[in-house]
Amino acid sequence: MALKKTLTIAGSDASGGAGLEADLKAFEEHNTYGMAAVTVIATMDPDNNWSHGVHTLPINVLQAQLKTAFSTGIDALKTGMLSTEEVIQTTGEAISASGVEKVVIDPVMVCKGEDEVLNPGTVDAMIQYLLPNALVTTPNLFEAGQLAGTGTPKTIEEMKVAAQKINALGAKNIVIKGGRALNSDKAVDLFYDGQTFYLLETPKVDTTYNHGAGCTFAASVTANLANGLSVKESVIEAKEFVAAGILHGWKLNEFVGPVYHGAKPRLGAPEVTVTEI
């Protein structure tokens with residue numbers, strides 16, 4: 001028996017709902033062998049309203065992890081939280097040198113306010129070192145606006161413009177996660193393959209138990225690519241997987257509720273409507 005090997009280069013979420021913990025759950029549910037290179041450790045303080053701390057690991061520790069993982073022969077990989085410009089550059093250069101082609105870039109950004117990145121230099125570093133490696137990138141609305149330089153898109157037409165600009169920066173396929181943020185009764189994502197736009201829609205779920213949804217989506221795309229699905233097939237299945245996880249999300253504690261990674265195979269998934277636009 002030989003499983004496909006998947007790697008996440010991402011932060012650790014001590015609560016288990018997002019980051020590499022979410023990625024490894026998704027990898028396992030998609031029948032791949034998951035590995036992780038830890039970039040940061042994220043903590044949450046229950047005595048201070050679950051406020052987040054981000055603790056970046058030393059670069060030499062990241063480099064040693066990447067050397068280990070890439071020596072095994074990775075079939076597909078994803079990135080997650082890369083907290084500094086140096087971490088982004090180190091990761092991007094390692095991916096380029098690895099020869100891995102099935103690369104999913106989840107451009108996780110730390111926000112300051114509604115439309116500003118805490119460290120703007122990380123956006124430039126992502127554009128320089130990550131996007132040229134991306135077979136797929138999976139920004140949310142805010143991240144798409146930062147990468148495209150357009151500001152956060154608020155309509156489908158603005159999402160299309162942002163996707164084209166990100167494609168021009170080197171990413172071959174773009175999924176902009178509109179999710180529940182758009183003014184619609186559907187959870188709407190936009191997929192652009194460099195030629196054609198597709199809307200991916202599922203019923204919107206009225207819940208706050210969606211912690212880790214973005215990480216889980218990107219990890220699912222990664223695992224699907226490793227297993228031989230096309231990019232479009234990978235994205236559609238990932239949408240199903242996450243929609244099921246959100247539908248059956250659950251309360252971890254008084255502060256947060258994660259998606260349920262085992263929902264789709266055990267409880268079924270909402271149908272994804274795919275419309276070429």
message: For T43 and H55: C-alpha separation, side-chain torsions, deciding distance, then whether side chain to side chain contact (heavy atoms under 4.5 Å, CB included) applies.
response: CA-CA 8 Å; T43 58; H55 313 274; 3.1 Å; yes

- prompt: From N49 CG over to E254 CD, what is the distance, rounded to the nearest 0.5 angstrom?
  reply: 8.5 Å

- request: Please answer whether the main-chain N or O of A125 pairs with a side-chain N or O of E85 as donor and acceptor at a distance below 3.5 Å.
  value: no

query: Between I41 and L57, does a side chain to side chain contact (heavy atoms under 4.5 Å, CB included) hold up when you go through it step by step?
result: CA-CA 8 Å; I41 297 173; L57 271 64; 3.8 Å; yes

task: Report the distance from atom OG1 of T56 to atom CE of M81, rounding to the nearest 0.5 Å.
output: 9.0 Å

field: Interatomic spacing from CD1 in I174 to CD1 in I166 - rounded to 0.5 Å
entry: 6.0 Å

- prompt: To the nearest 0.5 Å, how far apart are CD1 in I277 and NZ in K160?
  reply: 4.5 Å

field: Heavy-atom neighbours of Q164 CD exceed 12 at 6.0 Å
entry: yes

Euclidean distance, T39 OG1 relative to I9 CD1, rounded to 0.5 Å: 9.0 Å

query: Who passes ring pair (Phe, Tyr, Trp, His ring centres under 6.0 Å) against F197, sequence neighbours left out?
result: Y192

message: So, taking the atom named CG in D45 and the one named OG in S51, what distance separates them when rounded to the nearest 0.5 Å?
response: 4.5 Å

- request: Linking directly or through intermediates, with side-chain heavy atoms under 4.5 Å: list the remaining ILVMFWY members grouped with F241, chain and number order.
  value: none

- request: Could you tell me whether the side chain of K204 and the main chain of S184 form a donor-acceptor pair under 3.5 Å?
  value: yes

message: Using the side-chain hydrogen bond (donor to acceptor under 3.5 Å, both in side chains) criterion, which residues pair with K25? Sequence neighbours excluded.
response: none

field: Transitive ILVMFWY side-chain link I59 to F70, under 4.5 Å
entry: yes

query: D189 side chain to G178 main-chain N or O, any donor-acceptor pair under 3.5 Å?
result: yes

- line: T138 meets the side-chain hydrogen bond (donor to acceptor under 3.5 Å, both in side chains) criterion, sequence neighbours left out, with D106

query: Going by side-chain heavy atoms closer than 4.5 Å, which hydrophobic residues are tied to V136, directly or by a chain of links?
result: V104, L135, V175, F191, Y198, L200, V205, F217, V221, L225, V231, V235, I236, V242, I246, L247, V259, V272, V274

field: Heavy atoms of other groups near E86 CD, more than 12 under 6.0 Å
entry: no

field: Cluster link L82 to L62, ILVMFWY, side chain under 4.5 Å
entry: yes

- prompt: Is a side-chain donor or acceptor of D13 paired with a backbone partner of S15 at a separation under 3.5 angstrom?
  reply: yes

message: Please tell me whether L24 and V38 are part of a single hydrophobic cluster in this structure, the criterion being side-chain heavy atoms less than 4.5 Å apart.
response: yes

- prompt: Is it true that atom CD of Q89 has more than 12 heavy atoms of other residues, nucleotides or ligands lying nearer than 6.0 Å?
  reply: yes

field: Under 3.5 Å donor-acceptor, T32 side chain and F27 backbone
entry: yes

message: Are E233 and N224 packed together at the side-chain level, in the sense that at least one heavy-atom pair is separated by less than 4.5 angstrom?
response: no

query: Does S234 have any side-chain hydrogen bond (donor to acceptor under 3.5 Å, both in side chains) partners at least two apart in sequence or in another chain, and if so, which?
result: none

field: Single hit among E237, E29, E271 for salt bridge (charged side-chain N to carboxylate O under 4.0 Å, His left out) with K264
entry: E237

- prompt: Sub-3.5 Å donor-acceptor pair from the side chain of N167 to the main-chain atoms of A163, do we have one?
  reply: no

task: Spell out, as yes or no, whether a donor-acceptor pair under 3.5 Å connects the side chain of H248 to the backbone of A244.
output: no

task: Check the pair I156 / L182 against side chain to side chain contact (heavy atoms under 4.5 Å, CB included), numbers first and verdict last.
output: CA-CA 9 Å; I156 299 298; L182 296 176; 3.8 Å; yes

field: Evaluation steps, side chain to side chain contact (heavy atoms under 4.5 Å, CB included), between E143 and M126
entry: CA-CA 11 Å; E143 293 157 351; M126 287 178 184; over 6 Å; no

query: Does any N or O in the side chain of D75 come within less than 3.5 Å of the main-chain N or O of T6, such that one atom is a donor and the other an acceptor?
result: no

query: Checking E158 side chain against K154 main chain: does a donor-acceptor pair fall under 3.5 Å?
result: yes

message: Would the distance check show the side chain of T91 and the main-chain N or O of I88 forming a donor-acceptor pair, the cut-off being under 3.5 Å?
response: no

- prompt: Would L252 and F255 show up in the same hydrophobic cluster when neighbours are defined by side-chain heavy atoms closer than 4.5 Å?
  reply: yes

